[in-house]
Amino acid sequence: MPPPTTSPLPELEFTDHGSGMNTYRRQDSSGELSFDSSASECSDAVCDNGIKEVLEDYDQDPLTLIVKGLYAKRVMPGARFLPRDYTLKDLNKHQVMCRRRILTKPVSTCDDNTSVDIDGDEKYEVAKFEPVTGLVNGFFWHTDPTLAGPGRVMEDRAILFQSEEHYERLQKEPGLKSCFDDFDYKETPSFGEQVIVQGCDSRQLSIGDIFEVEGNLSPLVVEVTCPRKPCHYVDKRHGSELGSNGMKRYALTNSLSGWFCRVLKGGELRDGMKLIRTKHPHPKWTLAYTSAALYSGGSKLDLAMCRAHWRRSKDELQELVSIPQLSPYEWKDEGMKLLDKWEDGSCNEEKGGVNVSTSFRKQIFAFVEVKRDNKIVGSIDIFLITAWTISLMCIFVATLAIGATYTA
């Protein structure tokens with residue numbers, strides 16, 4: 001496909017709002033996880049295009065999310081034709097993050113805007129979510145691939161949500177709208193989510209927000225823990241080019257890949273149910289603000305590698321990592337690494353802050369990408385093989401030269 005003509009990465013302007021947050025965690029007698037929080041008022045926020053926006057008073061007008069679709073994994077099409085030890089390179093875009101819609105008993109909305117059950121004789125499925133592991137009989141995002149055993153389970157990533165508003169913004173981007181030409185995201189969502197909702201985007205949701213189901217139709221209670229940091233599967237799924245002009249980088253820059261939640265109290269979800277925000281403890285730390293601060297404000301090298309970095313004050317970094325609801329994986333852990341580098345003096349504020357170091361292989365990959373006008377010139381594996389081949393040839397020639405000298 002032709003290279004997307006995405007907008008240049010924004011120069012973000014941030015405002016320090018202070019903290020004053022007092023949050024603690026408790027476990028009640030029923031064993032459910034919950035949080036009691038209080039926070040100082042925050043009047044300003046920064047959206048992903050660098051323009052200050054005034055936060056609405058959500059306490060007077062609670063944010064409402066309408067469930068538009070629920071999804072489970074489906075069998076990969078054409079799997080039997082793949083090689084036994086296939087890799088991502090062997091897959092086409094429709095074989096990545098395969099999902100099917102769960103047919104749940106729908107919920108209707110009355111004239112007074114309240115939700116009620118719809119009677120019917122059709123056979124419906126149940127989409128039930130439990131604390132720690134999320135969707136019952138589902139296996140999605142709640143395990144850490146770097147760990148083994150019980151420690152792999154990450155209860156803060158039990159459910160991946162996505163919104164129609166995010167899809168609409170992506171489809172309006174000139175360089176990316178063609179990525180959605182051959183499928184309907186409402187039937188086969190392309191970010192691997194389990195729930196699609198209507199009614200918000202990443203500039204309205206904040207870390208620690210708690211949502212409950214309206215009308216006591218379900219006891220489910222969920223809590224927002226972090227934005228979703230997209231991986232290279234996102235580029236593959238949408239057929240976009242890799243690197244700085246692809247779907248992955250654009251979605252991360254603008255925090256459009258969805259968000260993770262932990263399940264505080266189990267229950268089911270159905271199409272048409274409404275999730276009402278009941279707590280909003282950290283209004284400053286919206287998903288867009290958090291993603292921009294940790295992953296979208298660095299150098300071209302940082303952005304090409306999607307590497308965590310910090311170009312702001314140490315106090316604000318400490319504020320971020322001190323939020324108890326923030327997911328450790330890819331967010332709090334990365335912030336702690338940055339803070340450790342700050343503490344041991346291995347960063348230089350005058351040179352633009354601090355970043356998390358990555359492997360030499362990834363740095364070479366990003367260097368090649370950045371130095372070629374944001375276009376990847378070839379596989380990093382080919383690049384490394386070529387470099388090794390040249391090195392071996394040089395060694396061979398040097399050996400012949402030394403041998404010839406001794407012979408003479």
#### Entry: Pair E193 + R228, salt bridge at N-O below 4.0 Å
no

### Task
State plainly whether the residues E319 and K284 are in salt-bridge range, i.e. N to O under 4.0 Å.
yes

### Query
Are a donor atom and an acceptor atom from the side chains of Y167 and Q162 found within less than 3.5 Å of each other?
no

### Query
Is the closest basic N to carboxylate O distance between D209 and R277 below 4.0 Å?
yes

### Query
Would you call R311 and E316 a salt bridge, using N to O less than 4.0 angstrom?
no

### Message
Could you check whether any side-chain heavy atom of T290 comes within less than 4.5 Å of a side-chain heavy atom of L287, counting everything from C-beta outward?
### Response
no

### Query
Does a side-chain heavy-atom distance below 4.5 Å link Y124 with P106?
yes

### Query
Do D182 and H94 have a side chain donor and acceptor closer than 3.5 Å?
yes

### Side-chain heavy atoms of S202 within contact of W259, under 4.5 Å
no

### Query
Do S178 and D181 get their side chains close enough for a donor-acceptor pair, meaning under 3.5 Å?
no

#### Entry: Carboxylate-amine/guanidinium proximity below 4.0 Å for R203 and D201
yes

### Query
Would you say the side-chain atoms of D156 and T225 include a donor-acceptor pair closer than 3.5 Å?
no

### N-O pairing of R101 and D271 below 4.0 Å
yes

### Charged N-O contact under 4.0 Å between R157 and E330
yes

